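To keep things clear, I will list the structure first and then write my remarks on it.
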Amino acid sequence: MPSDYIWLYPELQHHIEYHPSIKKWLDNGYQTFPVELIQQIHNDIYQFPILSQDCVDKWQRELTHFRRWRELHDVDVMVPNSMNNYGVILSDLGAEEPFLQLMKEVISPVAMHVYSDVINEPLTKIHPFVVEYGNHSDRDLGFHVDASDITVNLCLGDD
């Protein structure tokens with residue numbers, strides 16, 4: 001069972017390390033909204049740095065470690081959604097807390113700023129999961145509509 005998994009970096013279950021620009025914004029008490037960080041790349045789609053490189057590197061190693069552990073112990077996990085066959089729901093690993101922190105501290109304030117016409121109160125629910133794409137896993141994700149107010153994709157890969 002995923003609950004038997006021993007973490008390589010147990011701190012990832014409780015804490016997210018932010019990108020220096022996000023950390024500076026938080027340390028300044030949200031004084032000045034970091035408009036220079038947020039780049040609109042399409043209608044209603046924005047891009048900005050969230051995690052530190054060290055945090056991304058740790059998640060990469062942790063997820064590789066978890067994948068090997070699953071294979072070694074022949075452990076099945078619930079797939080994250082109906083569109084992906086490879087990945088894991090982070091709450092099944094006991095790692096929902098840092099993503100709640102991320103939502104409250106960063107995503108919700110950003111969403112209330114960039115989508116102020118439709119989001120006027122803090123976000124409260126999350127479904128954090130990891131999906132895996134590659135030659136021996138899912139190849140892509142076709143067009144779809146999520147049943148969510150906000151979708152946040154964090155690239156934990158090399159590209």
Side-chain angles (χ1 to χ4, degrees), residues 1-28 30 34 36-39 41-42 45-111 114 122-142 144 146-159:
M1 294 198 55
S3 60
D4 296 332
Y5 174 66
I6 298 173
W7 283 69
L8 190 60
Y9 300 101
E11 69 271 15
L12 292 177
Q13 293 178 275
H14 307 288
H15 177 72
I16 276 189
E17 186 179 315
Y18 296 125
H19 185 273
S21 56
I22 296 294
K23 188 168 176 7
K24 180 180 176 185
W25 176 52
L26 295 175
D27 289 346
N28 287 335
Y30 301 92
E36 69 282 355
L37 297 178
I38 299 172
Q39 178 184 10
I41 58 174
H42 200 277
I45 300 175
Y46 297 85
Q47 173 179 292
F48 60 98
I50 296 177
L51 304 179
S52 72
Q53 187 58 53
D54 183 55
C55 188
V56 170
D57 293 344
K58 284 180 181 177
W59 271 105
Q60 285 177 344
R61 290 189 294 270
E62 191 68 57
L63 292 168
T64 298
H65 183 255
F66 177 71
R67 187 180 326 107
R68 288 182 186 141
W69 175 84
R70 280 185 54 208
E71 292 167 0
L72 183 65
H73 293 87
D74 195 29
V75 174
D76 286 327
V77 295
M78 225 164 90
V79 296
N81 56 52
S82 62
M83 298 167 289
N84 295 100
N85 295 309
Y86 298 89
V88 63
I89 300 170
L90 292 174
S91 57
D92 289 349
L93 282 178
E96 188 173 71
E97 183 180 328
F99 295 95
L100 279 168
Q101 170 193 342
L102 171 65
M103 181 192 59
K104 289 176 185 173
E105 293 179 349
V106 177
I107 302 305
S108 197
V110 168
V114 298
L123 305 170
T124 58
K125 296 180 183 171
I126 63 171
H127 176 59
F129 60 90
V130 173
V131 294
E132 185 177 334
Y133 296 101
N135 292 334
H136 303 292
S137 57
D138 291 323
R139 295 287 202 154
D140 59 25
L141 181 61
H144 67 283
D146 290 330
S148 60
D149 293 326
I150 298 290
T151 297
V152 177
N153 294 306
L154 299 171
C155 179
L156 299 176
D158 295 327
D159 297 330

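Worth saying up front: this structure is predicted, and the values here are computed from it rather than measured.
- Shortest non-hydrogen contact noted between Q13 and L93 is NE2-O, 3.5 Å.
- Residues A111 and L123 approach most closely at CB-CD1, 4.2 Å, considering heavy atoms.
- Taking 4.5 Å as the limit, some side-chain heavy atom of L156 sits within range of a side-chain heavy atom of L51.
- In this structure, V130 and L90 have side chains that are in contact, with non-hydrogen atoms separated by less than 4.5 Å.
- Heavy-atom minimum distance, P49 versus S21: CG-OG, 3.8 Å.
- Side-chain contact between L26 and K23: absent, with no pair of heavy atoms (C-beta onward) separated by less than 4.5 Å.
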Sequence neighbours excluded and cut-off under 3.5 Å, please list the side-chain donor-acceptor pairs for residues 97-107, or say none.
residue: E97; atom: OE1; partner: H14; partner atom: ND1; Å: 3.3
residue: Q101; atom: NE2; partner: E105; partner atom: OE1; Å: 3.4
residue: E105; atom: OE1; partner: Y18; partner atom: OH; Å: 2.7

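- Centroid-to-centroid, the aromatic rings of H65 and Y9 stay 6.0 Å apart or farther.
- Using a distance-only test at 3.5 Å, with no hydrogens or angles considered, no donor-acceptor pair links the side chain of S91 to the main chain of E96.
- Within 6.0 Å of atom CD1 in I41, more than 12 heavy atoms from other residues, nucleotides or ligands are found, so the atom counts as buried in its surroundings.
- Here D74 contributes atom CG and L72 contributes atom CG; the two are 9.5 Å apart, rounded to the nearest 0.5 Å.
- W25 is listed as a side-chain neighbour of V110, based on a closest heavy-atom distance under 4.5 Å.
- Using a 4.5 Å heavy-atom cutoff, the side chains of D4 and W69 are in contact.
- The shortest side-chain heavy-atom distance between L37 and I22 falls under the 4.5 Å cut-off.
- Note: S52 OG to E17 CD = 3.5 Å, rounded to the nearest 0.5 Å.
- Listed by chain and number, the residues in a side-chain hydrogen bond (donor to acceptor under 3.5 Å, both in side chains) with H15 amount to none (sequence neighbours excluded).
- Heavy atoms only, all atoms of each residue included: F66 and Y5 are closest at N-OH, 3.5 Å.
- Sequence neighbours left out, the pairs with a member in residues 52-64 that pass salt bridge (Lys or Arg N to Asp or Glu O under 4.0 Å) are E11-K58, D54-K58.
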